[in-house]
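See structure below.
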Number of protein chains: 2
Amino acid sequence: MSGEVNIKRLAQELNISIATVSKALNDSYEISLKTKNRVWTLAKELNYTPNPAASNLRSNKTKTIAVIIPCVANNFFSLAIKGIEEIARQYGYHVLIYQTHEDTEMEMSFTNSLLNGRVDGILTSVSSNEYNNEYYKNLVNKIPMVFFDRVYEELDTFKVTTDDYQISYTATEHLIEQGCTKIAYLYGLEKLPAGRARFLGYCDALQAHGLLAAEDLVVHYSEDEANNLQNIKTLFQQQAPDALFSSIEEFIIPAYSACQELQLQIPKDVKILSFCNMSSAKLLNPSLTTITQPAFEIGNEAAKCLFKVLNKRGIGDDKDIVLQSTLIKRASTGG
Amino acid sequence: MSGEVNIKRLAQELNISIATVSKALNDSYEISLKTKNRVWTLAKELNYTPNPAASNLRSNKTKTIAVIIPCVANNFFSLAIKGIEEIARQYGYHVLIYQTHEDTEMEMSFTNSLLNGRVDGILTSVSSNEYNNEYYKNLVNKIPMVFFDRVYEELDTFKVTTDDYQISYTATEHLIEQGCTKIAYLYGLEKLPAGRARFLGYCDALQAHGLLAAEDLVVHYSEDEANNLQNIKTLFQQQAPDALFSSIEEFIIPAYSACQELQLQIPKDVKILSFCNMSSAKLLNPSLTTITQPAFEIGNEAAKCLFKVLNKRGIGDDKDIVLQSTLIKRASTGG
DNA sequence: TTTAATTACGTAAACGTTTTCGGATTACAG
DNA sequence: CTGTAATCCGAAAACGTTTACGTAATTAAA
């Protein structure tokens, strides 16, 4: 009750050495079961928990990982965090969260501040505002890292992604099958492999069906929400597309709003589908056809990979892990 | 380049003592500006960052706070985290995340594991499955804590909440004004003050307008989603209410689904409003009238309060901070 | 019985900081 | 020239662990 309870205190009360207590607590083979039990029961009795700072300092292990993502207030990332946390919990690890807000400067500032032994490893989904390959090429040698969803290529680390190209191809074909011939593309993540893969899947599907991808039919994402709404409205007025393929969730609200304001009926006048992890997609007016990434599983898998690295396992494993997204057809692309 | 760069290394290269380097890095008044500059430039040159474990151990400060919440994959909490992180960043603090999944056992396990100096303070929104006041009464004496949204009463700590009673009262009146006379209540967070305040606001508003709150009109939240849908359907079949007041976001999907399945038109046959932080509320079919809590601001304010405590400020301040939710009227309660 | 191996524990040095205390130097007033 | 204060810096002890190494006691092998 009185005074802080540390390993020295345990040693005194049991009349054994500090070293023995430490070893007993860590279940070392050097200590007899009898002594271990004495230590364990007293530790529990006094509610002893080891001081993390002292432990980290001496052992160079923190039992902590960092998650660096653009933003937690995004369905994909919050689900991914949930997946990460589940695994971390199983391993008894703590999880630090850092939000970059799509800013590579922040990203570098965070990672740099983590290189001094604050964490054992890093999980990250990189920012979209810049392509920063060189920086990461250096970084991955300094600390165990796993990338998920938004990755850099050609890094010798585990990377967990989804089949962006294939699912975009499939989704585009779905629109074509529904009779669309002038499919506009709402382009996000342009500077990242994921974003380009999605766009390429769309382009190739168009081409395979004798349609052509025109730059006039592409709306590029703007951080200013008002711009996105305006740009989509302009797209409708100038090009009159019969479908919108949205590559990121952030386009959904301006897309629907634009249709409302221009009195376009979905799906009669225009069909819409989007990459999306909102649980409310099926309640939209009309319900939205989505490409849904397995966000929770991605986080889960990425965390598992990181722990493989931390535990020196999985040396020979394939480091490119690709999970499948699913196309969920709903009313917004319906007949 | 070679070897780890620590304070000793800096001292050697500059031919000064370790103590001087440490003090210079911390901008101590004991060190001349000239020496400070020498230290600072070399530190920058060698990319020196202090070892957190050593620093924590010696100084008993971690520059880290913990956020303990039910789940990150919830719009309210992910926004709150965003608000928390913003403030933490300003103070140069790191943020640990723990998810309880509404389990008080988890909650206690997490908090207990944080009492050994892993963090300087805790921000939390408590779990709903149990009312655990006694435990927290003890806890708040052991570590700086701030509660937000889901709080325990009568604790001498900062508590950041919203005007649950008042906004529920107002929202109920809105339904009454729209002509509803049989308003059902979808009851969540029953064991917490927030949940009870919402219910009370609803009850009192009914009473003030000559309506009565019947237990038959209350659906209690179940963790099994299928149950919620079924219970709402049963409610409609047995009671035929003309409005649903949903006290938590989780009821929205089953409520809308039930209406779809029973072919009830919103808002003609039944009006619906809900506590909700989904950005897509206005895109639902029909758009949803919501009580929206200022989630980001709540996180922001809670974090500010915690830093007040950590910096020994705000002693005389009012510790009950109440922010205003807003009722956003949309089609689901429209004429 | 002697020797080697095994078991169980202790000693003490680390880990990289922060901080107390004291010492040396300089400046300045008397 | 002396005494006092201010300024700047260093020595060394912490902080609570982990761990390499040593050692005594016991057991097994010869």
Side-chain angles (χ1 to χ4, degrees), chain A residues 2-40 42-43 46-64 92 94 113-120, chain B residues 2-40 42-43 46-64 92 94 113-120:
Chain A
S2 67
E4 298 310 312
V5 38
N6 53 23
I7 227 173
K8 187 194 289 181
R9 166 94 178 274
L10 295 182
Q12 282 175 348
E13 302 219 2
L14 293 174
N15 257 320
I16 56 181
S17 77
I18 288 182
T20 305
V21 175
S22 173
K23 289 176 192 168
L25 290 170
N26 293 322
D27 203 9
S28 160
Y29 69 97
E30 293 182 56
I31 306 299
S32 70
L33 188 58
K34 189 179 158 195
T35 313
K36 281 180 186 173
N37 278 324
R38 290 182 63 212
V39 173
W40 291 340
L42 182 65
L46 297 183
N47 233 320
Y48 167 80
T49 52
N51 180 300
S55 180
N56 298 348
L57 177 59
R58 176 58 224 237
S59 66
N60 256 326
K61 305 258 150 88
T62 63
K63 283 255 170 193
T64 305
H94 302 255
S113 79
L114 296 174
L115 293 178
N116 50 18
R118 183 175 290 275
V119 299
D120 295 344
Chain B
S2 66
E4 299 310 312
V5 38
N6 52 22
I7 227 173
K8 187 193 290 181
R9 166 93 177 276
L10 296 182
Q12 283 176 347
E13 303 219 2
L14 293 173
N15 258 321
I16 56 181
S17 77
I18 288 181
T20 305
V21 175
S22 173
K23 289 175 192 169
L25 290 170
N26 293 323
D27 204 9
S28 160
Y29 70 96
E30 294 183 55
I31 306 298
S32 71
L33 188 57
K34 188 179 158 195
T35 313
K36 281 180 186 173
N37 278 324
R38 289 183 64 212
V39 173
W40 291 339
L42 182 66
L46 297 184
N47 234 319
Y48 167 81
T49 51
N51 180 302
S55 181
N56 298 348
L57 177 59
R58 178 57 225 239
S59 66
N60 255 327
K61 305 257 150 89
T62 63
K63 284 255 170 190
T64 305
H94 302 256
S113 80
L114 296 174
L115 293 178
N116 50 19
R118 183 176 288 275
V119 299
D120 295 344

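Letters go in sequence order (proteins before strands), and every chain restarts at 1.
Listed pair A/Tyr29 / D/dT19 fails the phosphate criterion, with no side-chain N or O lying under 4.0 Å from OP1 or OP2. Applying the 4.0 Å criterion to OP1 and OP2 of C/dT17, one finds that B/Ser55 has every side-chain N and O outside that range. Contact between the side-chain N/O atoms of B/Ser22 and the OP1/OP2 oxygens of C/dT18 is found at a separation under 4.0 Å. Using a 4.0 Å cut-off, no side-chain N or O of A/Ser59 falls inside it from OP1 or OP2 of D/dT19.
For the atom pair NZ (A/Lys23) and CD1 (A/Ile16), the distance works out to 11.0 Å, reported to the nearest 0.5 Å. Separation of atoms CG (A/Leu14) and CG (A/Leu42) is listed at 4.5 Å; rounding is to 0.5 Å. Distance CG/A/Leu114 to NE2/B/His94: 7.0 Å, rounded to 0.5 Å. The CG atom of B/Asn56 lies 5.5 Å from the OG1 atom of B/Thr62; values are rounded to the nearest 0.5 Å. Expressed to the nearest 0.5 Å, how far CG of A/Asp27 lies from NZ of A/Lys36 amounts to 4.0 Å. A distance of 10.0 Å separates CD1 of A/Ile7 from OG1 of A/Thr20, quoted to the nearest 0.5 Å.
What separates CD1 of B/Ile18 from P of C/dT20 is a distance of 17 Å, to the nearest Å. Computed from coordinates, the B/Lys8 NZ to D/dA11 P distance equals 14 Å when rounded to whole Å. What separates CG of A/Leu33 from C1' of C/dT7 is a distance of 14 Å, to the nearest Å. Per the geometry, CD1 belonging to A/Ile16 stands 20 Å off P belonging to C/dT7, to the nearest Å. The interatomic distance linking B/Tyr48 (OH) with C/dT17 (C1') rounds to 7 Å, in whole Å. Taking atom CG of B/Asn56 as the reference point, atom P of D/dT17 lies 14 Å away to the nearest angstrom. Atom CG in A/Leu57 sits roughly 13 Å away from atom C1' in C/dA13 (whole-Å rounding). Look at NZ on B/Lys36: it is 12 Å from C1' on D/dT7, rounded to the nearest Å.
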Would you tabulate the pairs of protein nitrogen or oxygen atoms and nucleotide nitrogen or oxygen atoms of nucleotides 20-22 of chain D closer than 3.5 angstrom?
none

Look for any protein N or O under 3.5 Å of an N or O in nucleotides 24-28 of chain C and output each such pair with its distance, or none.
none

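Within 4.0 Å (heavy atoms only), A/Asn26 reaches sugar-phosphate atoms of the nucleic acid but no base atom.
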| said: side-chain contact (heavy atoms from CB on, under 4.5 Å) for A/Ser55 and A/Lys63? Distances and angles first, verdict last. | reply: CA-CA 10 Å; A/Ser55 180; A/Lys63 283 255 170 193; over 6 Å; no
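Looking at which nucleotide of DNA chain C each of B/Leu25 and A/Asn60 is closest to, the 5′-most match is held by A/Asn60. Of the residues near DNA chain D, B/Val21 and B/Ala54, the one whose nearest nucleotide (by heavy atom distance) lies more toward the 5' end is B/Val21.
Screening B/Asn47, B/Asn6, B/Thr49 against A/Asn116 for a side chain to side chain donor-acceptor pair (under 3.5 Å) leaves a single residue, B/Thr49.
Between A/Thr64 and B/Arg118, the closest side-chain pair of non-hydrogen atoms falls below 4.5 Å.
When all heavy atoms of B/Leu25 and B/Ala43 are compared, the closest pair comes out as CD2-CB, 4.2 Å.
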